[in-house]
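Below: the structure, in structure tokens.
Keep in mind the model is a prediction, meaning the values are calculated, not measured. We use all heavy atoms of the structure for the numbers below, so side chains are in, but hydrogens, waters and symmetry mates are not.
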Amino acid sequence: GISMRMRHYRSALSYNKFYELNIDGTLAESSQSGLDIKGESVYDINYNAFTLDFVYRWVFKPGSEINFVWKNAIFQNDLKFDASYFLNLNNLFENIPLNSLSIKVIYWLDYQSLRKKSKI
């Protein structure tokens, strides 16, 4: 069988305050503001991940199979929080995708049938 899975994940990460961990495990406000010269946060990011997986699964014996998997992934982080979903998705596709191909073989070996053959 052949299957395809497509996923898009988007998350806006924003920092409000910084804290320091005290020796006793409590938190104390840090003197670091995390703001640049313009007063904007330098740690806020818009993170995107888009993945596309194609899987060809061939079952050649009961319990035994070969999987051929091709994965295409695009990752991006920028400062564009206010972009609409479709504008954000369009900006994501301007990045270079990462591709991978993998092959997985699962072979079920019946110990009882091997044991019977060795006694003969």
Side-chain angles (χ1 to χ4, degrees):
I2 297 175
S3 64
M4 181 195 78
R5 183 181 306 163
M6 182 171 56
R7 295 177 297 269
H8 177 231
Y9 175 77
R10 178 185 182 187
S11 181
L13 307 171
S14 61
Y15 289 83
N16 296 329
K17 292 182 180 180
F18 288 91
Y19 294 92
E20 293 180 8
L21 182 63
N22 296 325
I23 295 174
D24 62 356
T26 60
L27 297 175
E29 284 198 36
S30 175
S31 60
Q32 181 180 358
S33 67
L35 304 176
D36 62 7
I37 298 171
K38 298 177 188 175
E40 298 174 359
S41 176
V42 295
Y43 297 103
D44 293 350
I45 62 168
N46 177 39
Y47 176 76
N48 284 285
F50 181 84
T51 59
L52 183 63
D53 302 342
F54 285 101
V55 178
Y56 173 70
R57 180 177 172 228
W58 176 35
V59 179
F60 57 92
K61 277 180 71 173
S64 301
E65 63 185 57
I66 297 175
N67 292 301
F68 298 94
V69 181
W70 173 65
K71 295 184 178 221
N72 184 335
I74 304 173
F75 302 104
Q76 174 194 34
N77 55 346
D78 58 23
L79 301 175
K80 299 175 184 174
F81 297 106
D82 300 330
S84 69
Y85 176 80
F86 292 106
L87 181 62
N88 181 62
L89 192 61
N90 188 40
N91 291 338
L92 176 65
F93 287 119
E94 294 175 0
N95 293 307
I96 298 171
L98 304 170
N99 291 289
S100 68
L101 181 64
S102 61
I103 300 171
K104 178 171 74 171
V105 178
I106 301 172
Y107 187 78
W108 187 69
L109 187 60
D110 185 10
Y111 176 74
Q112 292 297 331
S113 66
L114 289 176
R115 188 172 156 195
K116 288 177 187 177
K117 287 181 183 178
S118 66
K119 287 184 177 183
I120 296 177

- Task: Calculate, to the nearest 0.5 Å, the distance between atoms OG and OH belonging to S14 and Y43 respectively.
- Result: 14.5 Å
- Taken to the nearest 0.5 Å, the spacing of K104 NZ from R57 CZ works out to 9.0 Å
- For H8 and L92, run side chain to side chain contact (heavy atoms under 4.5 Å, CB included): C-alpha distance rounded to whole Å, both residues' side-chain angles, the deciding distance at 0.1 Å, then the answer. CA-CA 10 Å; H8 177 231; L92 176 65; 3.8 Å; yes
- Message: Looking at L21, I want to see if its CG is surrounded by more than 12 non-hydrogen atoms of other residues, nucleotides or ligands under 6.0 Å.
- Response: yes
- Note on the structure: Here the pair of heavy atoms bringing N95 nearest to N91 is ND2-O, 4.0 Å
- Item | Distance, nearest 0.5 Å, that separates OG of S33 from CZ of F18 | 8.0 Å
- Gap separating the OG atom of S11 from the CG atom of N77, nearest 0.5 angstrom: 11.5 Å
- Message: Show the nearest heavy-atom pair for residues S30 and E20, with the distance to one decimal.
- Response: OG-OE2, 3.4 Å
- May I ask whether Y85 and L13 are part of the same hydrophobic cluster, defined by side-chain heavy atoms of I, L, V, M, F, W, Y residues being less than 4.5 angstrom apart, directly or through others? no
- Item | Over 12 non-hydrogen atoms of neighbours within 6.0 angstrom of CZ in F60 | yes
- Message: Consider ring pair (Phe, Tyr, Trp, His ring centres under 6.0 Å). Of F93, Y9, F75, which one does F50 pass it with?
- Response: F93
- Message: For N88 and N46, which I'm curious about, is there any donor-acceptor pair between the side chains at under 3.5 Å?
- Response: yes
- Query: Is I74 linked to L101 within one hydrophobic cluster, defined over Ile, Leu, Val, Met, Phe, Trp and Tyr using a side-chain heavy-atom separation of less than 4.5 Å?
  - Reply: yes
- Message: With heavy-atom distances below 4.5 Å as the criterion, would you say the side chains of L98 and N72 are in contact?
- Response: no
- Task: Could you tell me the separation between the OH atom of Y107 and the OG atom of S64, rounded to the nearest 0.5 Å?
- Result: 5.5 Å
- Would you kindly confirm whether Y56 and V105 end up in one hydrophobic cluster when ILVMFWY residues are joined by side chain heavy atoms under 4.5 Å apart? yes
- Donor-acceptor pair, N22 side chain versus D24 backbone, under 3.5 Å? no
- Other residues, nucleotides, ligands: >12 heavy atoms within 6.0 Å of W58 CH2: no
- Query: For atom CZ of R7, is the number of surrounding heavy atoms from other residues, nucleotides or ligands below 6.0 Å larger than 12?
  - Reply: yes
- Message: Could you check whether any side-chain heavy atom of M4 comes within less than 4.5 Å of a side-chain heavy atom of L52, counting everything from C-beta outward?
- Response: yes
- Item | Residue pair G63 / I106: nearest heavy atoms and the distance that separates them | O-CG2, 4.0 Å
- Message: Nearest 0.5 angstrom please: F68 CZ to S102 OG, how far?
- Response: 10.0 Å
